[in-house]
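To start, the structure under review is shown below, and the notes come after it.
Numbering starts at 1 and runs along the sequence shown.
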Amino acid sequence: MLKASVKARYETEAEKEAATGGATVTFNAGDFKLRASMTDATVINGPSLNGLSLAVEKPDSFIFDYNVPKNDFKFQFMNSVSILEKPLNLKYIHSRGEDETTLDGTLVFDSANKLSVSHKLGSGGCILKYSYVHGGLTTFEPSYDIKEDSWDFAVSHKVYGNDVCKATYQTLSRNLGLHWSRSSKLGGSFKVSASVCLDDDEFKLPKLTAETSWDFDL
């Protein structure tokens, strides 16, 4: 039986006083996933290739993305090795259009502790992130950007089993984010986010993002 999922996204842009939307359709085809994403620019003023991207994914192996209007390819390869009997998850990401290559590695110490390192080739720096899950409900994720000498912080907490509340703060941009998400096999999943820059002298409306997705059989 063919399985599919649909994700819809709506985002307000406070600075531009505008809003954007988008949708993603994913099909499971054996060991692979086929994905098509589009934005409102794809359908406004008639069907077009603007905002359209296609992808082929083999979970835990590779992802191949193609941005149709930009004619840009993005490759992502994943692998896992063992170091001192601890799993090390590796990612290699390359964008042809932006000519950027990123190497990611995550060492999983146990179910509650893991350390991640992300390095963009030629950037002269890397980002370190540590994740700690306390009591299976609360997750603390501090990260440090060596090049920018800045810290980011994230704290999330599970509520009522399927709900997760999360707060993030970026010290360099002074951007504060609040997120609420729910995952359910029966009612689908959704995520609502609000972010605001605390560095502005005058008050601005927060940037709002809403996502929802459904899984179904064909």
**Message:** Pairing donors with acceptors under 3.5 angstrom, does anything connect the side chains of T171 and S150?
**Reply:**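 Their side chains do not contain a donor-acceptor pair, so the 3.5 Å distance test is not met.
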
**CG on L121 to OG1 on T102, rounded to 0.5 Å** =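 Reported to 0.5 Å precision, the distance equals 7.0 Å.
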
Please tell me if the side chains of [X] and [Y] come closer than 4.5 Å, counting only heavy atoms from C-beta onward.
| X | Y | answer |
| --- | --- | --- |
| F27 | R35 | no |
| D152 | D145 | no |
| L198 | Y169 | yes |
| L137 | H157 | yes |

**Prompt:** When clusters are formed from ILVMFWY side-chain contacts under 4.5 Å, directly or step by step, what else is grouped with Y144?
**Reply:**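 The other cluster members (ILVMFWY side chains, heavy atoms under 4.5 Å, direct or chained) are V117, L128, I146, W151, F153.
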
**Prompt:** Which residue pairs pass the side-chain hydrogen bond (donor to acceptor under 3.5 Å, both in side chains) test when at least one of the two sits in residues 121-131, sequence neighbours left out?
**Reply:**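 Residue pairs with at least one partner in residues 121-131: N113-Y130.
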
Side-chain donor-acceptor pairs of residues 75-85 under 3.5 Å, sequence neighbours excluded:
unit_1: S80; atom_1: OG; unit_2: N89; atom_2: OD1; d: 3.2

**Request:** Please step through side-chain contact (heavy atoms from CB on, under 4.5 Å) for the pair V56 and L34, ending with a clear verdict.
**Result:** CA-CA 5 Å; V56 178; L34 308 178; 4.1 Å; yes

**Prompt:** In terms of ring plane angle, is the pair H94 and Y92 parallel, tilted or perpendicular, where the classes change at 30° and 60°?
**Reply:**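 Parallel: the ring planes of H94 and Y92 meet at under 30°.
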
**Identified side chain to side chain donor-acceptor pair (under 3.5 Å) partner of S189 from the options S181, S5, S213, S183** =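 Answer to the side chain to side chain donor-acceptor pair (under 3.5 Å) test with S189 among S181, S5, S213, S183: S213.
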
Taking only residues at least two apart or on different chains, which pairs with a member in [range] satisfy salt bridge (Lys or Arg N to Asp or Glu O under 4.0 Å)?
| range | result |
| --- | --- |
| residues 87-103 | E100-K120 |
| residues 72-81 | none |
| residues 102-118 | none |

